[in-house]
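Heads up: the structure comes next, in structure tokens.
Here is the naming used below: chain letters follow the sequence lines, and residue numbers restart at 1 for every chain.
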There are 4 protein chains.
Amino acid sequence: MSNSYGTLFKITTFGESHGVAIGVIIDGCPAGLQIDELFVQSELSRRKPGQSKITTQRKEEDTFKILSGVFEGKSTGTPIAIVIENQDQRSKDYGHIENTFRPSHADFTYQEKYGIRDHRGGGRSSARETAARVAAGAIAKLLLKEYSIEINAFVSQVGELKAPHYSLLDLSKTEDNIVRCPDPAMAEKMIALIDQVRLERDTIGGIVTCVIKNTPVGLGEPVFDKLHAELGKAMLSINAVKGFEYGSGFEGVQLRGSQHNDEFYNDQGKIRTKTNHSGGVQGGISNGEDIYFNVAFKPVATIMQDQQTVDKEGNDATVSGKGRHDPCVVPRAVPIVEAMAALVLVDFLLRNQVSKI
Amino acid sequence: MSNSYGTLFKITTFGESHGVAIGVIIDGCPAGLQIDELFVQSELSRRKPGQSKITTQRKEEDTFKILSGVFEGKSTGTPIAIVIENQDQRSKDYGHIENTFRPSHADFTYQEKYGIRDHRGGGRSSARETAARVAAGAIAKLLLKEYSIEINAFVSQVGELKAPHYSLLDLSKTEDNIVRCPDPAMAEKMIALIDQVRLERDTIGGIVTCVIKNTPVGLGEPVFDKLHAELGKAMLSINAVKGFEYGSGFEGVQLRGSQHNDEFYNDQGKIRTKTNHSGGVQGGISNGEDIYFNVAFKPVATIMQDQQTVDKEGNDATVSGKGRHDPCVVPRAVPIVEAMAALVLVDFLLRNQVSKI
Amino acid sequence: MSNSYGTLFKITTFGESHGVAIGVIIDGCPAGLQIDELFVQSELSRRKPGQSKITTQRKEEDTFKILSGVFEGKSTGTPIAIVIENQDQRSKDYGHIENTFRPSHADFTYQEKYGIRDHRGGGRSSARETAARVAAGAIAKLLLKEYSIEINAFVSQVGELKAPHYSLLDLSKTEDNIVRCPDPAMAEKMIALIDQVRLERDTIGGIVTCVIKNTPVGLGEPVFDKLHAELGKAMLSINAVKGFEYGSGFEGVQLRGSQHNDEFYNDQGKIRTKTNHSGGVQGGISNGEDIYFNVAFKPVATIMQDQQTVDKEGNDATVSGKGRHDPCVVPRAVPIVEAMAALVLVDFLLRNQVSKI
Amino acid sequence: MSNSYGTLFKITTFGESHGVAIGVIIDGCPAGLQIDELFVQSELSRRKPGQSKITTQRKEEDTFKILSGVFEGKSTGTPIAIVIENQDQRSKDYGHIENTFRPSHADFTYQEKYGIRDHRGGGRSSARETAARVAAGAIAKLLLKEYSIEINAFVSQVGELKAPHYSLLDLSKTEDNIVRCPDPAMAEKMIALIDQVRLERDTIGGIVTCVIKNTPVGLGEPVFDKLHAELGKAMLSINAVKGFEYGSGFEGVQLRGSQHNDEFYNDQGKIRTKTNHSGGVQGGISNGEDIYFNVAFKPVATIMQDQQTVDKEGNDATVSGKGRHDPCVVPRAVPIVEAMAALVLVDFLLRNQVSKI
């Protein structure tokens, strides 16, 4: 198992979907940070289930409790433990999968790897685990604010519906609609599509784009912990993610070097690049331009339809869609992507303190 | 800095492009592994410069020396240190960039992060560093062979030229041509395109696809070190990589769940999936199907043309194309992708030894 | 901060003496281990305050709750989170040290390092943190039992009062008295001495000896993570510990090599040593003989007397003895030493699974 | 295996006693540090064999070569690889132990753990490995000098011969004699004793004391990586070490709290302690006072006498003293203890950069 992430700002998460509680320990948060609990709660609420008609109807308020590490409103340098109790489990909804493997879920692989699994609600493999990441990411965001670093993710694609390039959007509008696409017209179409898919008892995938502004030059640790490599790992560790690209990404492979290269210029004393195919990262280190990347999410595996499968003994079986699930995961994935980005950045921010004497 | 990769099978690399030598220490290779030095050399030769007309003409034989950890042909459990001396440096080719930042290279970011840089040949940011990875990856491959795990990468795209899906190809033909595409007709087109680009004093990007067969069920460590998340990080840590996707990848976002899900069936006593949109990984753990993924490489940043830039003081400057470089990086990237994949797999193979009592 | 210990069986602890709760996440416990909760509680009870007249009178039942990682009584391979709520805090007892530094406590160093501290009960620096270690150590012991490894610590010295060498003692008698010395006569003397010291409103130090039997040959990872080096670190990380020695220890420096060397012999097919000055460890690796070591604890810093000190501003101040404290820490340190030893051993047991192919 | 030490200033060593070379990679040395190669050599020379009549007569100049990470005399932030070639191996001296286990050496445990071992000169378990530590420690010392931190170790005991407390000695005289004891009269006695033991074809143990001055307040990371816990681990990882104590150490257990506590006072604006039983560390964090500790070394296991043992098959065997060895290890251990102390301190110095915002 590997339930820790980060080098200096290190989080360790725990908890199963239908267990007593989920939570996280943050070890390495510098002392003296004002911990704005309302902000942490607001981040959790952006991720919580039941927030709109296009998300799962499981009801979890996701209220959290800080058990340690904060004194008189400030971090003390000791580990910050955060616990979120589970409340609206309906474990009986999952009795049918105790011995049966749901297609494209982790039931089979967990069973084989560990020889035992908590099948209720998917156990540890449930996306419920990401609430702990969002709580920790909120603390990371508070620290990044001290450096004016801004992280904004949004839904840029649902199925075939694509929003324009981020530079053409007003990212402050992301939270104005339930699908979290800052293009209002496209948002309506996306919502309609998700709703239609839901009525068809099916699910659909999508893309979350994330833009990070005001990053100082120098974050990222060559050669293996390149900034974009850690961002990639962090995103790929989120449930249902199938791909990651930054800057010019996959499309960039078709360009010539003469088209792709970002020439430098002097912008009133600051060295900048004219274009930004590099996505704000060169040689694995931030160059001060916008960092932007795309994260591809597959369609949710739980569908409200019968599917063929096998049971633990290898007998043919049918699994029928039960439980409460999202028809499309990307709206709720937006704060998760931001949280993981924040955790990556804050860790590199701290690591960069010791790059030179 | 972060020059180590892996948890139990851990490598640490060192060396600059025009320094004395590059190399790697492998710590954690189990004792008793037969070290086939000819195989290690053959892997290095697949990556070495000057191997064909479509690669850089720098001449490095990349012969290696094992300094420790091997006794009478076998690993002893102690660290295996491998050194590759640099021979054909032409550092004077790089005098012009001592104070000038090449567009889309790491010159600027290294200078800012460290306040000092070895500019010769790009120093540590040079892709020459990947030779150390290939040497270590060769040792990893030797260990994987004991488990019959096979890793095959190939060039699946150059510019707009795309090879068919891997399942339609005979991967044993990859090494039959200099571009390393197992589709002979497409390989010819790719070679022609790269040659044309080279004559235009330009560069072009491409995609390397990697297929891993015979992986046992159970590799990968949820939640943060999911198998595909580590593969993603490992690939993104290779120079010039801009994107990673596995299984259905970015295209999968357009599918419905009912199309995307991989139903299980009993294949003569072995539980398998009918389709493989999952790319051999479910819940971050291998399920025994083929693991396959794509790695996007941008066009090489060094072009044989004049480009506008600035110098260290921020003055406008022109950088002209010098040095010896690849017009397209993907042919030589094939063994690098395989090496990193091998390092990821071998680490998870060892980590999985302790998953259950 | 560094609140994690272990490589494969990794624990992360949190919590302050007078905060909401303390606890631990165990990441890396193999799946399938029967979790005997009564045993965990019994270990916590051996450490809990208020257990006898010679310990602090703070009343904490130290009942624990498992939040995750256990399903139907067995570990699942996912992180095991354990929480122990604080109950009998009397934070007002500590108002006097909010701005004043207690001699030989961590008040001053925490304040300087972090710029802020939770002064109540010593906050994170309180030995209350060790309850989390004992809980985790109990899980480790359950795993060690599967391998028949036995860990027995006992009080071998209080002040100048020394028990005989462990080989002359019946270690099964350790729990028969409140000072945890298996020599009944010496135990009485120790109890009398501690009681006398308590009446003098003073404190006294002591030594805990630990003996580990049935360790398989091969545990320990040269060169830096030698078995005894990790044992040393683990012990020295316990509050109030000032020294560690194993095998012949400090006295061994006076021996000649010809006296000190442990000759091998064949004991009915098993290779053993005639003597055991090595303390069961050679070259950092267990050799199958008893592992034994001594851990020195200083006298508890909190005494019921007035002491001179300074406050945060550097003004002269007097700190008077308040709060509830142990006159001698070693009786309650016995289960803590065992817990840390168990954590070290279980980690090496898992790490050793991958030493050879 | 675990051949790395350190968190931010991380070293990885490699090499066997009679292999091609030994060496180290330092990853995490901040950029911009002037690398004084003469100083590195002088440190290696303090450790090298053959330096006096009371050390082994193996002749190794221990000249080193820096392969990477240094440009124009300064560290660049990239890994610094240092290699020391082996020259005066006499592997034939070791043929007799190919199948026989030397008492109190690591022959047996390595053989059992790995199933294979490089027996020549003890292979990886040879103290020759410490040369790599000394080289890395020299770089660490260069960085510590920037902060005026001074590390001075010396021989404080050989057999029963003890030097006075460090506060009574002039530590600048340590290098004035071949035994490295700053008390000239005691040094003569120690040399005579070692010489006598050597003539008796035997060996003897001793103690190295280390004193660190000018450490800033705040180094050390509670709770597991306490400053003294890491010092303890670092020292115990050195070959032949059997014990570690700091401050009042083992003798301190006999004191009362009222005697042991270090009262604070205001020394012209600086908060200091009147006494220093704490050994400069409180709560695992440096308090600015002298850090001092003792390291116990057992008598060298190789003696020039016949000893009873068994061979690989468990047959009785005799091993006779061959090879070239030290009659007492402590004089050459002095620079090793200093090197490890430097590595511990420099790591904590870097880690402390991120303790507070």
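In terms of non-hydrogen atom pairs under 4.5 Å with chain A, the most contact-rich of B:Gly206, B:Ser125, B:Gly232, B:Gly115 is B:Gly206. Interface check for chain B: of the options A:Val300, A:Val310, A:Ile238, the most heavy-atom pairs under 4.5 Å are formed by A:Val310. Annotation: maximal heavy-atom pairing with chain A below 4.5 Å, among B:Thr7, B:Asp316, B:Val197, B:Leu227, occurs at B:Val197. Counting heavy-atom pairs closer than 4.5 Å to chain A, the top-ranked of the candidates B:Gly283, B:Gly122, B:Gly218 is B:Gly218. Interface check for chain A: of the options B:Ile285, B:Asn315, B:Asn266, the most heavy-atom pairs under 4.5 Å are formed by B:Ile285. Most heavy-atom pairs under 4.5 Å with chain B, from the set A:Ala234, A:Gly243, A:Ser237: that is A:Ser237. With respect to chain B, the highest number of heavy-atom pairs below 4.5 Å among A:Gln254, A:Arg256, A:Lys226 belongs to A:Arg256. Interface check for chain B: of the options A:Tyr246, A:Tyr265, A:Tyr5, the most heavy-atom pairs under 4.5 Å are formed by A:Tyr246. Top candidate by heavy-atom pairs under 4.5 Å with chain B, chosen from A:Gly288, A:Pro216, A:Gly220, is A:Gly220. Most heavy-atom pairs under 4.5 Å with chain B: of the set A:Gly257, A:Ala106, A:Gly279, this distinction falls to A:Gly257. Put simply, of B:Ser258, B:Pro327, B:Ser286, the one with the most heavy-atom pairs under 4.5 Å next to chain A is B:Ser258.
Smallest separation of non-hydrogen atoms from A:Gly249 and B:Ala296: O-CB, 4.3 Å. Residue B:Pro222 comes nearest to A:Tyr110 through the heavy atom pair CB-OH, 3.2 Å, listed as atom of the first residue, atom of the second, then distance. The shortest non-hydrogen separation linking B:Arg133 to A:Val223 is NH2-O, 3.7 Å. Of all heavy-atom pairs between A:Val253 and B:Phe297, the closest is CG1-O, 3.4 Å. Heavy-atom minimum distance, B:Pro299 versus A:Gly252: CD-O, 3.4 Å. When all heavy atoms of B:Asn261 and A:Gln307 are compared, the pair lying nearest together is ND2-OE1, 2.8 Å.
Neither the backbone nor the side chain of A:Glu251 comes within contact range of chain B, judged by heavy atoms closer than 4.5 Å. For B:Asp225, the parts lying near chain A are the backbone and the side chain together; criterion is any non-hydrogen pair under 4.5 Å. With a threshold of 4.5 angstrom between heavy atoms, B:Asp311 approaches chain A through N, CA, C or O but not through any side-chain atom. With a 4.5 angstrom heavy-atom cutoff, B:Met235 does not touch chain A via any of its atoms. At a 4.5 Å heavy-atom cutoff, the contact between B:Lys274 and chain A is made by side-chain atoms alone. Within the 4.5 angstrom heavy-atom criterion, only backbone atoms of B:Val241 (N, CA, C, O) approach chain A. Heavy-atom distances place no part of A:Gln259 under 4.5 Å from chain B, backbone and side chain included. At a 4.5 Å heavy-atom cutoff, the contact between A:Ser4 and chain B is made by backbone atoms alone. Of the two parts of B:Gln308, the backbone and the side chain both hold a non-hydrogen atom closer than 4.5 Å to a non-hydrogen atom of chain A. For A:Asp107, no part lies under 4.5 angstrom from a heavy atom of chain B.
For the side chain to side chain contact (heavy atoms under 4.5 Å, CB included) test, residues two or more places apart in sequence or in another chain that qualify with B:Val217 are A:Phe108, A:Glu112. Partners of A:Glu16 by side-chain hydrogen bond (donor to acceptor under 3.5 Å, both in side chains), not counting sequence neighbours, listed by chain and number: C:Thr78.
The closest side-chain heavy-atom distance from A:Asp262 to B:Ser104 is below 4.5 Å.
Distance check: B:Leu255 CG to A:Thr203 OG1 gives 10.0 Å after rounding to the nearest 0.5 Å. Rounding to the nearest 0.5 Å places NE2 of A:His260 at 5.0 Å from NZ of B:Lys242. In this structure, A:Lys312 NZ and B:Ile271 CD1 are separated by 11.0 Å, a value rounded to the nearest 0.5 Å. The distance from atom CD of B:Glu245 to atom CD of A:Glu245, rounded to the nearest 0.5 Å, is 8.0 Å. How far CZ of A:Arg102 is from CZ of B:Phe264: 10.0 Å, rounded to the nearest 0.5 Å. With rounding to the nearest 0.5 Å, the separation of CG in B:Leu231 from NZ in A:Lys233 is 11.5 Å.
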query = Run the side-chain contact (heavy atoms from CB on, under 4.5 Å) check on A:His228 and B:Phe244 step by step: do they pass?
reply = CA-CA 11 Å; A:His228 57 273; B:Phe244 170 88; over 6 Å; no
query = Hey, mind stepping through B:Thr309 and A:Glu263 against side-chain contact (heavy atoms from CB on, under 4.5 Å) and telling me if it holds?
reply = CA-CA 6 Å; B:Thr309 187; A:Glu263 292 190 334; 5.9 Å; no
query = Can B:Phe224 and A:Met340 be said to form a side-chain contact (heavy atoms from CB on, under 4.5 Å), step by step?
reply = CA-CA 11 Å; B:Phe224 292 107; A:Met340 292 308 298; 3.9 Å; yes
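With B:Lys356 contributing its side chain and A:Ile116 its backbone, the two residues share no donor-acceptor pair below 3.5 Å.
Salt bridge annotation for B:Lys113-A:Glu221: present, with a cationic side-chain nitrogen under 4.0 angstrom from a carboxylate oxygen.
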